[in-house]
Amino acid sequence: MTAPHLGGDQAGREPYRPRIPLICPRCGHEQRVVPGGPERTVKVVHVGTGREACEPGDLARAPDDGF
């Protein structure tokens, strides 16, 4: 029996598992983690803009949680 071929960004990871997206609790848009390093801290940024902050228009359309 041979191991399945892992291509692209799956090489060196566990066998395929669906990713759970990070969702911004303020505006509901998808986010991603930007790894840090010795001189940088880890950041969570919005996928569409690459910024940590929400866009003002997105906050106006954010769903109301009822809290």
Side-chain angles (χ1 to χ4, degrees):
M1 182 191 237
T2 61
H5 173 70
L6 298 176
D9 63 329
Q10 292 296 317
R13 293 188 184 175
E14 295 180 25
Y16 176 74
R17 238 195 295 182
R19 272 189 15 182
I20 299 172
L22 293 174
I23 303 297
C24 178
R26 293 181 61 198
C27 69
H29 287 207
E30 188 174 357
Q31 296 180 307
R32 66 182 175 89
V33 175
V34 176
E39 301 296 322
R40 290 187 345 195
T41 59
V42 174
K43 295 192 303 186
V44 177
V45 299
H46 288 81
V47 171
T49 63
R51 297 178 57 206
E52 290 183 89
C54 300
E55 293 294 314
D58 293 340
L59 293 175
R61 293 188 303 259
D64 183 15
D65 291 6
F67 291 110

For residues 27-42, the salt bridge (charged side-chain N to carboxylate O under 4.0 Å, His left out) pairs (sequence neighbours left out) are R19-E30
Members sharing V33's hydrophobic cluster, built from side-chain contacts under 4.5 Å between Ile, Leu, Val, Met, Phe, Trp and Tyr, are L22, V42, V44
All heavy atoms of H46 vs all of A53, minimum pair found to be ND1-O, 3.5 Å
Between C54 and R26, the two heavy atoms sitting closest are SG-CB, 3.8 Å
Value for SG (C24) from NE2 (H29), rounded to nearest 0.5 Å, stands at 8.5 Å
Going by chain and number, the hydrophobic cluster around V34 (ILVMFWY, side chain to side chain under 4.5 Å) further includes V45
